[in-house]
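Report on the structure given below.
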There are 2 protein chains.
Amino acid sequence: MTASPSTSRDMASSRIFETLKQDLIRGRFAAGEKLAISALKDHYRVGLSPLREALNRLAAYGLLEQVNQRGFRVPAMELEELDDIAGLRAQLECMALTQAFQAGDSEWESQVLAAHHRLRRADEHPEQVEEWEQAHLRFHRALLASCGSHWLLRFIEQLHDQFDRYRRLAPPNPAVRKALDRQHGELVELALSRDIRAARALLDDHIRLSHSVARGCCESPASDDDT
Amino acid sequence: MTASPSTSRDMASSRIFETLKQDLIRGRFAAGEKLAISALKDHYRVGLSPLREALNRLAAYGLLEQVNQRGFRVPAMELEELDDIAGLRAQLECMALTQAFQAGDSEWESQVLAAHHRLRRADEHPEQVEEWEQAHLRFHRALLASCGSHWLLRFIEQLHDQFDRYRRLAPPNPAVRKALDRQHGELVELALSRDIRAARALLDDHIRLSHSVARGCCESPASDDDT
DNA sequence: TTGAATTAAAAAATCGATTTTGTTGAGATG
DNA sequence: CATCTCAACAAAATCGATTTTTTAATTCAA
């Protein structure tokens, strides 16, 4: 983790927000589940006020739904919505990629290379899923970082989080995963050579391929795991 | 207002959220201003908990900034950001327009016509600014409503709110306003005839023109007005 | 037996008070 | 004279209790 230089310990509400956000993306809660607030309070060992503030933020972000006078629930997962998310993600990321290639300087190139290196390292430890997930997110972030549009990056991040919520539920597919990994390397090369056309096509393919994997999320009986 | 059939009175936090959202977009607070929470509490006559929940939602939505341990502040207004917002808005709305034209049925056509009619009616009462603003927002919403992408519409709405925050601060320009109004009518015609190419060009122009007006937000000494 | 009405239990939303943290300015120190 | 320290203050964040609303269970009448 590159962030938080010990000087800035943040509020309880921010901590619980991050924790809940990750748990929602990781699929720790069932889709459509109604969240029992006092149960969350006990489980995460936080007070009611910070917890409710975090829930409100998550609802505004789209990772929870707030129903009038009856609390919060985890959004349902529907293939139709996944298709929407993936399609829009492809369009927005291709848009950002073009701008990133046009505006990117050598500092950007370095960051992309560095992020890719960390991703490959994370690949070597398949047991540390969360490390890989973080490195993967950061690689895609680095690739588009120089696009110059704060709001575009913001929306892409939001879509990525939504997308991952589906993808993480889908059964892994080693063959496809290998192809996806290869594409990461190819994206780096195309970034360095500033081949916009080829890179757009590749990124579009990349998201499409990942999308096809994520679509498996609604089949398997969600074999649970981990900590 | 078409919503809320008396049966569903919503929570204090939702009410204060809507009120604050509107006040932020209308420019009732100075850009960069730090919000004094207890002052807000007194002014809006609400408790601390619902108020804080509303502030958290607004921060997640992008209409406020939350600073670590020192409360909330109104985001600064920068021309650079306005350009970002307007540019992205143009791209996303043109994207949505294309899809809306392809998927729109006769019900959609009716809604567009109806929304346009209300907008023209609102035009006749220049003193009721808020009525016009609402009708205007709803017209643009209706035009894209049939695009089929929940998330695209969501982002467009968010950008529209951000854009209006700048536009509302800019001095009015009756000549340009007239041109913009004319474009609304032309958009309706192009929608009915499904002329995607022309409509895209027109919508792009429309946003660009509105953008040029909004850019005046940083010059004038913000002569205040209304209620 | 069904179904509307009542009420008891549970959960969410809100309030008022407390704790924690950041800010300011007076006085001490170099 | 500038800078540092520390107390007093102000503001934000959090807690625990109360109020409001929903949900479920149960009763009573048709």
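Letters A, B, ... mirror the listed sequences (proteins, then strands); counts begin at 1. Bear in mind that the values here come from a model prediction, so they are computed numbers and not experimental data.
Residue pairs meeting the salt bridge (Lys or Arg N to Asp or Glu O under 4.0 Å) criterion with at least one partner in residues 86-98 of chain B, sequence neighbours excluded, are R89(B)-E93(B). Sorted by first and then second residue, the salt bridge (Lys or Arg N to Asp or Glu O under 4.0 Å) pairs with a member in residues 73-83 of chain B read D83(B)-R215(B); sequence neighbours excluded.
Sequence order on DNA chain D of the closest nucleotides to S14(A) and R70(A) puts S14(A) first from the 5' end.
In 5' to 3' order, the nucleotides of DNA chain D bounding all contacts with chain B (an atom under 4.0 Å from a heavy atom) are dA11(D) to dT14(D).
Of the residues in residues 33-41 of chain A, those placing a heavy atom less than 4.0 Å from an atom of DNA chain C are K34(A), L35(A), I37(A), in numerical order. Residues of residues 44-56 of chain A that place a heavy atom closer than 4.0 Å to DNA chain D, in numerical order, are G47(A), S49(A), P50(A).
Every residue was checked against the side-chain contact (heavy atoms from CB on, under 4.5 Å) condition with D42(B), not counting sequence neighbours, and none meets it. When the side-chain contact (heavy atoms from CB on, under 4.5 Å) test is applied to A145(A), no partner is found at least two apart in sequence or on another chain. Contacts of R70(A) classified as side-chain contact (heavy atoms from CB on, under 4.5 Å), with partners at least two apart in sequence or in another chain: V67(A). S210(B) is linked by a side-chain hydrogen bond (donor to acceptor under 3.5 Å, both in side chains) to nothing, counting only residues two or more places apart in sequence or in another chain. With sequence neighbours excluded, the residues satisfying ring pair (Phe, Tyr, Trp, His ring centres under 6.0 Å) with F155(A) are W151(A), F155(B). V46(A) meets the side-chain contact (heavy atoms from CB on, under 4.5 Å) test with I16(A), Y44(A), L51(A); sequence neighbours excluded. Considering only residues two or more places apart in sequence or on other chains, F139(A) meets the ring pair (Phe, Tyr, Trp, His ring centres under 6.0 Å) condition with H116(A), H184(A).
Between F72(B) and N56(B), the closest side-chain pair of non-hydrogen atoms falls below 4.5 Å.
One interatomic measurement links the two molecules: CE of M11(B) to C1' of dA11(C), which rounds to 13 Å at whole-angstrom precision. Taking atom CG on N68(B) and atom C1' on dT21(C), their separation rounds to 10 Å, with Å as the unit.
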